[in-house]
Amino acid sequence: MTIPPAAVLADIDTDVLVVGSGAGGLSAAVTAAYHGLGVVVVEKAEVCGGAAAWSGGWAWAPGNPLAKADGVDEDPELFRTYLRHRLGHRYQPERVDAFLEAVPHMVGFFHGKTRLQFTPGTKIKDIYGKTPGAGTGHRSVGPTPINARRLSARVRKQLRGQLYETSFLGMGIMAGPDLVKFLSASQGSPAGLMHAARRVGMHLLDLALHQRGMQLVNGTALVGRLLQSAEDLGVEIRVSTPAVRLLTDDSGRVTGAVVRGPKGEYRIQASRGVVLAAGGFPHDIERRRRLFPKTPTGAEHWTLTPLSADGDGITLGESAGGHFDTDVEAPAAWCPVSLVPYRNGRVGTFPHIMDRAKPGSIGVRRDGKRFVNEADGYYDYVSALVAATPEGEPVESWQIADSRFVRKYPLGMAKPRPAPLFPYLRSGYLKKGRTLEELAHKCGIDPAGLRDTVERFNDNARCGVDPDFERGETEFNRYGGDPKIGPNPSLAPIEKGPFYAVRVVPGSFGTFAGLAADGRSRVLDASGQPVAGLFVAGNDQASVMGGFYPAGGINLGPALTSGYIAGRELAGAVAYEDAADLPHHGADRRGLRDKTVGAEGLA
């Protein structure tokens, strides 16, 4: 079949063009459409959601109205104090102030006027609990779970599915009570077993009836709700349609883009402007080679993002004069990962988020020595691993645990009882040794070094202390542990054989280097001046956190907020409304209402 030339395809006129359909892009699209603008979203992949759909879905949103509804009304100066201490010389007052001012209104707007309903993160702590201004809860929000039957057929078709490695048989598990009950099932809890049986049973029924999981949690719930909100407001979403180049007028103002659809290229003219939100550059091998530490070829890195996030948005921004800002503490949002081999030859990427903090496991390098507080943030784990690895050596570690641990908690992709371990042992993903020395030989770890490390760790763990790395001394550490273990919920000895290990390597949730932007989400050129008509949201935008990771959800919080700011700027909405004070479950301007469900009501 002959593909028609671009001239044959009809051009499109709209108010706003959004490039990318992750959290930032959909936030911008929904906000702009709510304020009366015509919006077209183009997505390079066949489905929508980007890395946001594969994420945990939690967003750092200090001062949000759900916290206030729970009686927690913190002084915003506490947020600034915390960020000043964590970001240091990379603290950008104008951008941080814009984020902190907008984020409560963002949460209030979506929660009160769209299908995106939130659940408060009442117990989610900021990572660095000893830092002045650190929060001990209520600074995060996550998407309320939703059954996909309540989304339109088009939205279900467009929605990127759950990342298999972070699921159970393809079924997402939500952090909080849902996850706690699943873990309690592995320890024989009747309530946990009933909860797990109900959830898994419903999932299997959904697979039989719908050929997909219908109980949406975490990132799929976030994106599904945003997509439904976009459809409700008349946003046009075109998948398999990458943006090829930006259009500008004689003054240099960005006026749209040439896109390539299934039948060829055509123009989308956007009278108000273009938002770049294509997901950063985690799959751009050349940029990784230049910017990522100890990544000499660019291939020594495993990202938890779809292949479509390859830097296209940043390249488009640079073509219009935008500045690619690499002056950040770290170029990416680091996360330790392990590589999961499957029998069909595919290799999956598993993020080590929760297992590192559980009592009875440590991370060591090839010398057998620990290098980090394993219960701190995932960003800190990789940063410490990179720093501890001598030049020329592969950047890798091993997460070590004993037989008691692997039956109670996950060790990477390996699930606790009653899930069997043999598939992971057979594939080589999980290493096993009757003794620590045997395990060390199988992993290429120094046996004497590992033995000395474990003996020292065990002696201290029995006393509930970690003088080497202070594990368990912050609320963030203890929250990630096991409250049934004392005196320190994050520490337990590693002593009952056989012993197990999983190889851990550097990965990321996305990139921090990106297009320079101001507090109004406008793309800036090298001189700091806005590029007319061009906005940026999500990971295409240089990190407002300066390349640091001060709290969980600092990818999605700024992504949703930068998109919200961009959408309002494009619509000319200057003064914030009272959305930050909305109590709960509002309706949008079309009277659309949404009855939410919790983790207990996914079916």
Side-chain angles (χ1 to χ4, degrees), residues 293-295 300 302 334-339 350 352 355-406 409-412 414 421 424-425 428-473 477 481 488 490-507:
K294 296 179 182 175
T295 310
E300 300 86 356
W302 291 267
W334 305 130
C335 177
V337 302
S338 51
L339 306 180
F350 179 88
H352 286 256
D355 58 340
R356 297 172 291 104
K358 296 302 180 200
S361 177
I362 57 173
V364 301
R365 289 193 59 257
R366 64 194 306 177
D367 58 9
K369 297 179 180 179
R370 294 172 69 207
F371 56 91
V372 71
N373 176 346
E374 297 90 348
D376 275 350
Y378 20 82
Y379 174 94
D380 300 284
Y381 189 102
V382 174
S383 296
L385 177 59
V386 170
T389 302
E391 288 292 341
E393 287 189 14
V395 183
E396 63 181 12
S397 66
W398 292 86
Q399 199 67 23
I400 308 291
D402 67 6
S403 58
R404 289 182 299 194
F405 182 99
V406 298
Y409 314 112
L411 182 59
L421 295 177
Y424 306 104
L425 293 166
Y429 172 78
L430 191 64
K431 302 294 184 183
K432 177 181 178 181
R434 291 169 297 175
T435 64
L436 284 170
E437 288 79 5
E438 181 180 334
L439 182 68
H441 284 297
K442 288 185 176 181
C443 298
I445 301 170
D446 176 52
L450 180 60
R451 169 60 67 183
D452 290 347
T453 294
V454 171
E455 288 179 353
R456 175 175 173 78
F457 177 82
N458 288 350
D459 288 342
N460 291 318
R462 293 186 186 97
C463 300
V465 297
D466 178 19
D468 297 322
F469 296 99
E470 302 180 343
R471 180 166 159 183
E473 293 189 12
N477 283 183
N488 186 328
S490 191
L491 296 175
I494 304 166
E495 55 189 357
K496 182 175 174 56
F499 301 92
Y500 298 85
V502 171
R503 178 174 173 261
V504 178
V505 294

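The chain is numbered in sequence order, starting from 1.
Residues satisfying the ring pair (Phe, Tyr, Trp, His ring centres under 6.0 Å) criterion with F350, sequence neighbours excluded, are H352. Residues that satisfy the side-chain hydrogen bond (donor to acceptor under 3.5 Å, both in side chains) test with Y378, not counting sequence neighbours, are Y549. Under the side-chain hydrogen bond (donor to acceptor under 3.5 Å, both in side chains) criterion, R462 pairs with D459, E495, sequence neighbours left out.
The pair D468-R456 counts as a salt bridge, with a side-chain nitrogen and a carboxylate oxygen less than 4.0 angstrom apart. Between R404 and D402 there is a salt bridge, since a side-chain N of the basic residue sits under 4.0 Å from a carboxylate O of the acidic one. The pair E393-K294 does not meet the salt-bridge criterion, since no charged nitrogen lies less than 4.0 angstrom from a carboxylate oxygen.
A heavy-atom distance below 4.5 Å is found between the side chains of L411 and F405.
For the pairing with S338, the side-chain hydrogen bond (donor to acceptor under 3.5 Å, both in side chains) check across W302, Y429, W398 returns one residue only, Y429.
Taking every heavy atom of both residues into account, Y381 and G363 meet most closely at OH-CA, 3.9 Å. The heavy-atom pair separating G360 from I494 by the smallest distance is O-CG1, 3.4 Å. In terms of heavy atoms, R356 sits closest to R471 at O-NH2, 3.3 Å. Shortest non-hydrogen contact noted between V504 and P336 is CG1-CB, 3.5 Å. Residues E470 and N373 share a closest heavy-atom pair of O-ND2, 3.6 Å.
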Between L436 and V454, does a side chain to side chain contact (heavy atoms under 4.5 Å, CB included) hold up when you go through it step by step?
CA-CA 9 Å; L436 284 170; V454 171; 3.7 Å; yes
Using the salt bridge (Lys or Arg N to Asp or Glu O under 4.0 Å) rule, take D367 and K369 through it: C-alpha gap first, then chi angles, then the decisive distance, then the call.
CA-CA 6 Å; D367 58 9; K369 297 179 180 179; 5.0 Å; no
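Checking E300 against T295 by side-chain atom types alone, no donor-acceptor pair falls below 3.5 Å.
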